[in-house]
Amino acid sequence: MASGTASRSEDEESLAGQKRASSQALGTIPKRRSSSRFIKRKKFDDELVESSLAKSSTRVKGAGGVESGRCSGSEPSSSEKKKVSKAPSTPVPPSPAPTPGLTKRVKKSKQPLQVTKDLGRWKPADDLLLINAVLQTNDLTSVHLGVKFSCRFTLREVQERWYALLYDPVISKLACQAMRQLHPEAIAAIQSKALFSKAEEQLLSKVGSSSQPTLETFQDLLHTHPDAFYLARTAKALQAHWQLMKQYYLLEDQTVQPLPKGDQVLNFSDAEDLIDDSKLKDMRDEVLEHELTVADRRQKREIRQLEQELHKWQVLVDSITGMGSPDFDNQTLAVLRGRMVRYLMRSREITLGRATKDNQIDVDLSLEGPAWKISRKQGVIKLKNNGDFFIANEGRRPIYIDGRPVLCGSKWRLSNNSVVEIASLRFVFLINQDLIALIRAEAAKITPQ
């Protein structure tokens, strides 16, 4: 055996030497040496499947080789064990169907979300209205026609909601919790809107239509039949429903008139249906409509202009008819009298000047004459608490009081019959002595205190 192995190694070395010599003769680059160690690299899903298929096929094919040697009873080496342990196994694809425990958890977590989403239109007040109405009438069609919910529901939606409140434990639990959180006043308002039952309407129909029942009558009816009427009923509510029943001829002593058989007309609505509307239409007069529109527009413009000039009415302007002394009333403090008009001072402070579109003042001096030289806000006349009048100049040109100039920023005391001259416009300042005397007396009473 030893001689055989030695000869075999010599043959292999000679073959290797011949290969090197041939490669050097041909001038080719010798093969690069590579490592034989196993390097672990991440594989994708398709590579994992292919490698597993390749390994299974090599195992089947090499039954007489290495596998046969293993099966014969020889144990694998430690390096083979490492390779086998490091070889990637075929991944088990995750099952799409989760376990029943997980499905139950998912369903339980999603159910309240669907319920709350369904509760978006149905408010707690709507649920309470629905329950009260069904308990009163026992008819979902009557509930749909007679109850006014927060939004418009169809008959099918009302039926589905009622069955959900009855048979769905999750929805009923959430609805009960929401109804418990309602304010007592809101609950009382909802209960007052409950529909009337047949037993209640029978008791109300016994009250005669010719009689004039009062609140005490219906209060006695509530006391005599406490079990028949709803808990939230009041005498006023019963009276209102009785009047409604009387209007629609639903009382016991009322009879509905039969329909007419011939040309006889029963009521106004039937007579109105018989009228031909085409005969009632008048010819349209476009000229008249245009004139009415123009007149309406003109009147609205005048009203708007008067509204904008309301603040001017604290100083009234009268035309002068004579030279006599003016008659003062109880509201006029003083009068600024000119040649054409007079201004009645009815507030403690007024402004003098020239009115423009952008500037509105109390006394527009342009009504007296040419006022283009007057400033927009020429001066201010003010009544002090002691009963004295003062005029302050706030314009560019001076104001002359009894011939004395009052420059810009200065003020001067006004007395009765003082002559005020502003840009060649002359006025006489007249004081209501009786009213000013009362003001001075009140001021004298207040000051000692």
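Residue numbers run from 1 in the order of the sequence given.
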Does [X] use its side chain to pair, donor to acceptor, with the backbone of [Y] at less than 3.5 Å?
X: Asn393; Y: Ser410; value: no
X: Gln378; Y: Ile422; value: no
X: Thr356; Y: Asn359; value: yes
X: Asn132; Y: Gln191; value: no

Note to self: Which heavy atom of Ser192 sits nearest to which heavy atom of Arg233, and what is that distance?
What the structure shows: O-NH1, 4.3 Å
Could you list the residues that satisfy side-chain contact (heavy atoms from CB on, under 4.5 Å) with [X], not counting sequence neighbours?
X: Arg404; value: Trp412
X: Ala441; value: none
X: Arg396; value: Ser375

Check: Hey, are Asp364 and Ser366 close enough side-chain-wise for a donor-acceptor pair under 3.5 Å?
Finding: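 Present: a donor and an acceptor within the cut-off.
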Next item on the list: Indicate whether the side chain of Asn432 and that of Thr332 have a donor and an acceptor atom separated by less than 3.5 Å.
Entry: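 There is no such pair between these side chains.
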Item checked: Sequence-distant partners of Phe153, ring pair (Phe, Tyr, Trp, His ring centres under 6.0 Å), two or more places apart ->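 With sequence neighbours excluded, Phe153 shows a ring pair (Phe, Tyr, Trp, His ring centres under 6.0 Å) to Trp122, Phe149, given in chain and number order.
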Margin query: To the closest 0.5 Å, what do you measure between CZ (Arg376) and CZ (Arg354)?
Written below: 6.5 Å
Notebook entry, point to check: Does any pair with a residue in residues 217-227 pass side-chain hydrogen bond (donor to acceptor under 3.5 Å, both in side chains), and if so which ones, sequence neighbours excluded?
Noted result: Gln219-His223
Checklist line | Of all pairs that satisfy side-chain hydrogen bond (donor to acceptor under 3.5 Å, both in side chains), the ones with a partner from residues 285-304, not counting sequence neighbours | finding: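 Checked against side-chain hydrogen bond (donor to acceptor under 3.5 Å, both in side chains) - neighbours excluded - the pairs reaching residues 285-304 are Arg284-Glu289, Asp296-Lys300.
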Notebook entry, point to check: Do Glu368 and Arg426 meet the salt-bridge criterion of a basic N to acidic O distance under 4.0 Å?
Noted result: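 The answer is no: the pair does not qualify as a salt bridge.
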Next item on the list: Considering only NZ, NE, NH1 and NH2 on the basic side and carboxylate oxygens on the acidic side, decide whether Asp253 and Lys206 come within less than 4.0 Å.
Entry: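 So Asp253 does not pair with Lys206 through a salt bridge.
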Note to self: Please determine whether the number of non-hydrogen atoms from other residues, nucleotides or ligands lying under 6.0 Å from atom CD of Gln243 exceeds 12.
What the structure shows: yes
Item checked: Atom CZ of Arg440: over 12 foreign heavy atoms under 6.0 Å ->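 Count over threshold, so yes.
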Next item on the list: Step by step, work out the salt bridge (Lys or Arg N to Asp or Glu O under 4.0 Å) result for Arg161 and Asp127.
Entry: CA-CA 8 Å; Arg161 184 61 180 179; Asp127 291 334; 2.9 Å; yes
Check: When you measure from the centre of the six-membered ring of Phe390, is the NZ or CZ of Lys382 under 6.0 Å away and within 45° of the axis?
Finding: no
For the residue pair [X] and [Y], establish whether any side-chain heavy-atom pair is separated by less than 4.5 Å.
X: Ile131; Y: Met179; value: yes
X: Val380; Y: Glu394; value: yes
X: Leu145; Y: Val143; value: no

